[in-house]
Amino acid sequence: MTKKINIYQVAYKNLLRKKTRTGLTILGIGLSAWVLISLLGFNRGYEAALNKDIDNMGFQVLVTAKGCPYEAATLMLKGGTGLRYMKESILADILKHKEVERLTPQLMAAIFDPNKGESGGINAYLGVDPVTFPAMKSYLKFKQGGWFTDPTALEAVVGYEAAELEQREVGDKMLIPEKNIEFKVVGILARSGTADDGTIFMPLKTVQKIFDKEGLITAAGIKVNKDANMTELENKLYDLPDVQVVSMAQVKNTIMSLVSTAKVMVFSIALIAILIAMLGVINTILMSVLERYQEIGIIKSMGAMPWDVFRMIWTETVILCLLGGVIGIGIAFALSKITDILIRRLLPYTPTGSLISIDSQLGFITLGVVLGIGLLSGIYPAWRAARVRPLESIRSEGD
Amino acid sequence: MSRENNLALEAQHLTKIYKRGAEEIVAVDDVSLTVRKGEFVSFIGPSGSGKTTLINILGCLDNTTSGSLKISGETVFSENKCLSESDLTKIRRQVFGYIFQKFYLVPTLTVYENVLLPFAFFKKAEANADPMEILRFLGIDKRTSHRPSELSGGEMQRVAIARALINKPEILLADEPTGNLDSKRSVEIGEILKRLNEKEGLTVLLVTHNPALAGIAHRTISLHDGKIA
Ligand SMILES: Nc1ncnc2c1ncn2[C@@H]1O[C@H](COP(=O)(O)OP(=O)(O)O)[C@@H](O)[C@H]1O
Ligand SMILES: [Mg+2]
C-alpha cells in the first residue's frame, strides 16, 4: 500500500463534501459558459450569414422609388409591403452611367391569399426580366425545370421553400387569388439559403399586366463595374427624380447598426451572467473555507505553507469552473439550434444562414475565459484560507 | 554545549498578555522551564490557568509577548527575535507533532489518507518509514479504508496521533487529548503516549486536567493563573 495523497486530491475530494452546493455552483458556471460561447458564436456567425445573403443578391446597388430607407432595406432582403413605383423609362437613364455593368428591373406584387397557412398570408410575386435577371443571378441552380419560355408567358419559377410549402412540381398549375388567373410552374430552384427560397418569380411583363402596372417597376438592381467608384455612382443616381438609392454596403451598415443595439444588450446579459456565476463561486468556496477553518488550521500545523493552502483552495475553484465550463460548452454545442431560434426572436433582421457558428476554437476560448473567472474568483477565498493561523483555528472552538 | 544539546526546550521568562479592549489578561506569567530530550512532562491546572497558551508557545503555534525560547539549542524567540509565520511553519514541521482535544480529521479522506496528509505538504527525509507500522502500533491497521465518521472517538484520536507521528517529530504536544473520550479510552491513549515515549524516545508534553493521566509522566508541572505553582 504505497498510495499517496496530494493537494489536488484533497481539493477535489473536498468538493464532494457538499454535493448539492457544488452541483449548483457548477450549473451556474455552466449556464454562463453556455451564454458566453453562444454569444461569441453569434457575433461571428451573424455577420458571416449577412454577408452571404448580400453577396447572393447578385447586385450591389438597388434603385427604388423614394421611401423610407429601412423599408427599402427589408424590401430588398425579404420582399415586402408598402410598395412604391417608378417608370420603366428610368432604366435608360441609369444605363447611361459608365459604372453600370448590368441592370435588371423588378416589379414586386403582393396579394393576400386566404388559403395560405392557417389564417391566410401574403403571396409575393416578383416580376423579373427573363434576359437580364438570370444573367445577373447566374449562381441560381434549378432543382427542376428552367426559366420562362416566353417574356409574356403565364409561367413561374418557384423558390425552394415556396415550392415545398405548397407542394408544387414542375407542370403544376397555380392560382393567383383575387385575380383568378392560373399560371404554370416551369422551374423550381434548388435551396440557396437566401430570400430567393421563398419567392415566386414571374416574367416582368406578365406581372405588370396581371396587376395593372404596365410600364412600372418597383426596383432596378445594378451590378457595378469592378473598379467603379460607388459613391460617385450613388451621387449621380440621386440626380434622377424621386429615387432612392440603396447600396449593399449601406444595407449592411443599417442592419448591423440595428443589430449592434441588440448585441450590446445581449453582451450585457452575458456579463451579468458571468458576474453572477463568479459571485456564486466566491460564495461557495468562501463558505467551504469558513466551514473548514479549523481543518485548515490543522493542515497548517502539519507544516503546510500559506502558498500550499492557497493552491489547494485555488484548485477547488478551478475544478468547479472547468467542470462548469465543459458542461456549458457541451450544452452550447448540443443546443445551438435552439439558441439560434431564441436569438432570431430578439433581432430586427435575421439572415437565412446559421446565426451561431461555434467550433472547437471558440470552445477553447470560452474555457479559457471560464478558467480566468475561476482563478480570479478563487483569489479572495484562497487568500483568506492561506492566512488562517493554526492557533486561531484551534482556539476558535473555545475550551 | 553538550548539556544544551540534551535539551529539547528551554524557556526563559515567557509571558503572554492578551488585550481585550482596555483589559489585559496575563495568560502566561513569567514561566521558565526546560524539557530534556526524551522526557515526558505533563501540565496540569484548572481551566483558564494558561496551559494551552503555554504549550502553544512552546510548540511554536503562537508568539510570546516577552521572554525567550530555544528549541534544541536554537533560539526561536528572544527580546530581539520574533519569527515570521513561515519561519514558524518550518520549525513546526521539523520538530513538532500535535494532537488536540478535537481530532480534526478530514471527513472526505480515508483513515490512511488522513494519516498521509502531512506528506502532501512536507515530507521529512527521515520520515519514509512504512506508515502501516505506525497504524499497526496504534491498533488501527484494520481501519485504513474507513472514513473518520465510521470510527469511534478513541479510534479517531489514534488516527490523529498517527498523523502527528508520520513525519517523525522530535516533540509531541498533546493538549487535552482525552477530553472527548471516556475513562477507558483515556487510559488507552495515556498508555500509547507512554509507550511512544519509552520505546521511541519521543519527547512528550501533555496537557490535561486529569491528575491520574498526568501521573504517567516523568514530571508534572502545575499551573495557576499563568504561573508555575
Ligand atoms: N485569544 C485570546 N484572547 C484573549 N484571551 C485569551 C485568549 N486565549 C486565551 N485567553 C485567556 O487566557 C487565559 C488562559 O487560557 P488557556 O491558555 O486557554 O487556559 P487553559 O488551557 O488552562 O484552560 C484565560 O483567561 C483565557 O480566557
Ligand atoms: Mg486549554
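What you see below is based on every heavy atom in this structure, not just the backbone, and it leaves out hydrogens, waters and symmetry mates. Just so it is clear, the model here is predicted, and its values are computed rather than measured. Chain A is the first sequence line, chain B the second, and so forth, proteins listed ahead of strands; every chain is numbered from 1.
Atom CG of residue B:L117 and atom CD of residue A:Q9 lie 10.5 Å apart, to the nearest 0.5 angstrom. How far OG1 of B:T110 is from CD1 of A:I5: 7.0 Å, rounded to the nearest 0.5 Å.
Here A:I7 is the residue among A:I7, A:V309, A:N6 with the most heavy-atom pairs under 4.5 Å with chain B. Between chain A and the residues B:K90, B:Q94, B:R163, the most heavy-atom pairs under 4.5 angstrom are made by B:R163.
Only the backbone of B:L105 comes within contact range of chain A, judged by heavy atoms closer than 4.5 Å.
Contacts between residues 12-28 of chain A and chain B, defined by a heavy-atom separation under 4.5 Å, are made by A:K13, A:N14, A:R17. Within residues 377-386 of chain A, no residue has a heavy atom under 4.5 Å from a heavy atom of chain B.
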Steps toward side-chain contact (heavy atoms from CB on, under 4.5 Å) verdict (B:D62, A:R389) = CA-CA 9 Å; B:D62 200 2; A:R389 295 179 55 207; 3.8 Å; yes
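When all heavy atoms of A:M302 and B:R93 are compared, the closest pair comes out as O-CB, 4.1 Å. Nearest heavy atoms, A:S301 versus B:R92: CA-NE, 4.3 Å.
In this structure, the side chains of A:E295 and B:V106 come closer than 4.5 Å at one or more pairs of heavy atoms. Counting only heavy atoms from C-beta outward, the side chains of A:P390 and B:E85 approach each other to under 4.5 Å.
More than 12 heavy atoms of other residues, nucleotides or ligands lie within 6.0 Å of CG in B:D182, so this atom counts as buried by the packing criterion. Atom CD of A:E291 has more than 12 neighbouring heavy atoms from other residues, nucleotides or ligands inside a 6.0 Å radius. Other residues, nucleotides and ligands contribute only 12 or fewer heavy atoms inside 6.0 Å of the NE2 atom of B:H209.
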